[in-house]
Amino acid sequence: MLVEIANFISLRRHVGKARAAGLSRDVAARVAAAYPDVRLHPASASLLEIDFEGDTAEDLAVCLAAIRALCDAPFDLDGEQHRIELIFAAAVCAAERADEVRLTEEAEAALAEARAGNRAVTHDLVQPGRREVQRLGRELDLAIARNELLIQYQPKVHVRRQEIGSAEALIRWRHPTRGLVLPGDFIPAAEQAHLIDRLTLWTIRQVIADHQRLADRGHDLRLFINISGQLLSDEAFVREACALVGESDAKLGFEITETSVIRDPVGAIANLQIFADSGVVIAIDDYGAGLSSLAYLKQLPARELKIDKLFVTQLTSSNRDPLIVRSTIDLAHALEMEVVAEGVESHAAMALLTVMGCDMVQGFLISRPITLEALETFLSDQRARPAVADARPGLRALATAWARR
Ligand code: C2E
Ligand code: CA
Ligand code: CA
């Protein structure tokens, strides 16, 4: 957040150059008293930079309103009460993708707009703007034509069988100037630009070809594809996807989020049933993140439930998450679904999940997402060794102790 003193010139005339030089520090002091957690950098006499983290992008608006209210009361400048008029501008982005340079540039651009429009302006990099979406849409359109998209696979290990029975296809974009772009940075734009149907049909074709190549080399895996919610009510997509699936004998799975059926439950569930009937295994992705509605869970023709990595990565450091994970596993089993834990990064998490009865695990502990060639090597290597090193004895004791609780 950038906070600029709008009436700096007139205040300086009044209090003198020397006192005015510290004005942004006056504002900083007031903010610091109310918000000890934010980081304050007086950038100049008239400009204050405030850095902070929140749980959601909406926290920015809340924080901005609070600081504005806080600074509304007059300031004591050498015994005189003065109002400091402030201009607010800010930029917000997802913490895991925080790029300080970009964030500062966006905040500065927002400040220029705020000055001109005499109002607070925030730039939201979490939700790309319309122009950004249009630009990305055009680029992505070209990317499909130029073959810049590629798929990496992340294996899922069946815990009891100690074997890799499936893998998830994760799309990447080998961008000519930006390097490898991860899906979080272009899937939302592809959805907004109505390119997600083409992109997903491309992915299905590619995955079918890769499945064939794996089968030719003796690897019998089910390959899972992520399907955006909006596609489930897109009749043209469903028709084309069904045709592709029907023509091939590849073992496929679709990962969908539970909330993706909320917009049009009857249509979406009917379409999922069509896929399920043609042999596609349906998995419910990101379970527990965001809105989960048990009302739909029972109606979905799903065979797998994936516990969101948010719970899994914190499994061994939080008191609450193990309970959520264990009850989710029990619930899924009651509904005759298999449970996949995603985001398994440690042996400790793996051990705990094993005793909790989790059926499958996926995560950096086993493998990062890798190219098809690397997957082939990985699968061949695994034939020689067991799929995953078993949980170490010490951790196993910990897990057993937990299971008895
Ligand atoms: P997702 O379906 O939840 O995919 C799992 C994400 O978790 C992947 O990120 C993966 O790299 C990451 N991950 C895997 N193991 C671990 C771990 O042990 N720890 C942690 N912290 N993370 C792990 P990625 O590849 O960046 O994908 C992000 C999201 O993009 C996916 O989330 C999925 O929703 C979406 N996506 C990916 N490919 C496609 C696609 O072809 N179509 C659509 N519609 N969405 C896609
Ligand atoms: Ca997924
Ligand atoms: Ca997921």
Side-chain angles (χ1 to χ4, degrees), residues 94-97 140 143-144 148-157 164 166-174 179-208 210 222-232 234 237 241 244 252-260 281-290 292 302 304-317 321 328 339-350 353 358 360-371 374-375 378 388:
E96 66 273 16
R97 270 180 268 135
L140 198 56
I144 299 176
E148 287 170 9
L149 298 178
L150 76 140
I151 291 170
Q152 288 188 332
Y153 292 93
Q154 189 177 36
K156 295 191 210 170
V157 172
I164 296 164
S166 53
E168 176 176 4
L170 293 158
I171 198 160
R172 278 94 182 79
W173 178 2
R174 209 184 282 116
L180 202 65
V181 186
L182 291 175
D185 289 328
F186 64 91
I187 293 286
E191 287 171 347
Q192 287 178 49
H194 299 292
L195 282 167
I196 191 70
D197 50 345
R198 281 186 51 204
L199 194 141
T200 307
L201 289 169
W202 177 88
T203 307
I204 296 174
R205 282 192 198 95
Q206 189 67 45
V207 168
I208 288 175
D210 289 349
R222 184 175 295 277
L223 299 179
F224 281 83
I225 299 163
N226 288 284
I227 306 288
S228 294
Q230 73 184 62
L231 294 176
L232 294 181
D234 178 338
F237 169 82
L244 288 175
L252 298 180
F254 285 173
E255 297 193 1
I256 58 140
T257 60
E258 201 186 354
T259 44
S260 62
V281 169
I282 307 295
I284 297 168
D285 206 355
D286 300 340
Y287 186 77
S292 280
E304 282 185 18
L305 186 77
K306 298 186 79 173
I307 302 178
D308 191 65
K309 53 181 171 295
L310 200 74
F311 297 102
V312 179
T313 48
Q314 291 172 16
L315 194 60
T316 48
S317 61
D321 291 344
T328 303
V339 183
V340 186
E342 61 175 20
V344 178
E345 295 182 355
S346 67
H347 286 283
M350 171 84 185
L353 287 161
C358 181
M360 281 169 271
V361 289
Q362 174 183 358
F364 295 164
L365 179 70
I366 294 120
S367 167
R368 290 187 172 263
I370 48 180
T371 60
L375 179 69
F378 187 84
V388 266

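Fair warning: this is a prediction, and the values are worked out from it, not measured in the lab. In each ligand, atom 1 is the first atom listed, and ligand 1 is the first ligand listed.
Nearest to the Ca ion (ligand 2), among the N, O or S atoms that E168 has, is OE2. With respect to the Ca ion (ligand 2), E255 has OE1 as its nearest N, O or S atom.
Of the heavy atoms in L199, none comes closer than 4.0 Å to ligand 1. At a heavy-atom distance under 4.0 Å, only side-chain atoms of D285, from C-beta outward, approach ligand 1. Both the backbone and the side chain of I171 come within contact range of ligand 1, each with a heavy atom under 4.0 Å. Of all the heavy atoms of Q362, none lies under 4.0 Å from any atom of ligand 1, so neither backbone nor side chain is involved. Residue Q152 does not touch ligand 1, judged by heavy-atom distances below 4.0 Å. If you look at R368 next to ligand 1, there are no close heavy atoms at all, none under 4.0 Å.
Distance from atom 3 (O) of ligand 1 to its nearest protein heavy atom, with residue and atom name: D286 OD1, 3.3 Å.
Residues A169 and I151 come closest through the heavy atom pair CB-CG2, 3.7 Å. When all heavy atoms of A349 and V312 are compared, the pair lying nearest together is CB-O, 4.3 Å. Annotation for Y153 and Q206: closest pair OH-O, 4.5 Å, computed over non-hydrogen atoms.
Side-chain contact, E168 with Q362: a donor N or O sits under 3.5 Å from an acceptor N or O.
Compare P183, S346, S228 by their heavy atoms: the one nearest to atom 37 (C) of ligand 1 is in P183. Compare L149, L170, L365 by their heavy atoms: the one nearest to atom 31 (C) of ligand 1 is in L170.
The Ca ion (ligand 3) lies at 3.0 Å or more from every N, O or S atom belonging to D308. The Ca ion (ligand 2) has no N, O or S atom of D286 inside 3.0 Å of it. Between the Ca ion (ligand 3) and D285 there is an N/O/S contact shorter than 3.0 Å.
Between the side chain of R222 and the main chain of L252, a donor-acceptor pair closer than 3.5 Å is present.
Residue contacts with ligand 1: V344 is included, with a non-hydrogen atom under 4.0 Å away.
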